[in-house]
Amino acid sequence: MVSRDPIESYLADLARQLRVGWRRRRRIVAELRGHLHEAAAAEGGADWRSGPAAERALARFGAAAETARQFNQIARARRHALVRRALVPWAAVLTLTLAATATVWAFQPSPNTGAALAKHVQACPHRGGVPVARPLAEALRRNRATCEPATEASR
Amino acid sequence: MATHEVQGHLDGMLLAILGDGPLHGYGVSIELRRRSGGEFDLAEGTIYPALHRLEASGLLTSRWDVVGGRRRRVYALSSSGRRAVVDRRATWASFSRAVDAVFGGEALEAG
């Protein structure tokens, strides 16, 4: 149903263009409704909700699309910040785990571990940690290769 | 004055207005127009995203208030917002002094 109240029509149009969660959308619409009602009432006239006072208040407020675009930009920035905040601890844990594993392997070189890891990383590039794991695995394989003659000799 | 010139300083001006006490968005827009002598006649809708951004960055706090049967979201400076106002005032003072000097053809003493 189309509202004949210009302020409610404006708010419905704005709400449609908002790309935010329902709680934030509800807050934004309630907040802007309060502003527009106050601005229209300040323009005077008994019929401020539907008369020219409401139209003037809306004209001063600006286009719904532009206001929605600015709110959407903030929501997008907030989502990116949340993702970054969630990923940083995982990246730190992964890096520390790989560093610890590499340290252990460096002191106890086994003939197959480095090659096995390199083979695994190349076979499953979609697995997490590839940017870190691939050069590490390559380094370990080279390390093992240099250890091999000694290993063979000690047999 | 061009809207984009005002937009670049909007956050600082909103913080400065709220530095004098809590206000709702409509009150902020009236105060912005009053203090600028009508020079900064922005679309009023643009101040709300700025208020939300400042709140998200921890410089403002907000709460619902009911006045005359109308719900209003009232904004106030947080403690880091109060520090930000002091910083921005100082930054603006030195920036505007430098711009004045450039437009006036005078050189400021380096310091």
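Predicted model, so just to flag it, every value in this text is computed and none were measured. Letters go in sequence order (proteins before strands), and every chain restarts at 1.
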Query raised in the report: Less than 4.5 Å apart, any side-chain heavy atom of B:R83 and any of B:R88?
Result: no
Rounded to the nearest 0.5 Å, the CZ atom of B:R73 sits from the OH atom of B:Y48 at a distance of 12.0 Å
Would a distance-only check, ignoring hydrogens and angles, find a side-chain to backbone donor-acceptor pair under 3.5 Å from B:S78 to B:L59? yes
Value for CG (B:L54) from OG (B:S62), rounded to nearest 0.5 Å, stands at 11.5 Å
Bottom line for A:R60: the part with an atom under 4.5 Å from chain B's heavy atoms is both
Check: Can any side-chain N or O of A:N72 pair as donor or acceptor with the backbone N or O of A:Q17 at less than 3.5 Å?
Finding: yes
The interface call for B:R70 against chain A, heavy-atom contacts under 4.5 Å, is side chain
Heaviest contributor of heavy-atom pairs below 4.5 Å to chain B, chosen from A:A59, A:G34, A:A57, A:A39, is A:A39
So, the part of B:R72 with a heavy atom under 4.5 Å from chain A: the answer is side chain
Honestly, the part of A:R24 sitting under 4.5 Å from a heavy atom of chain B is side chain
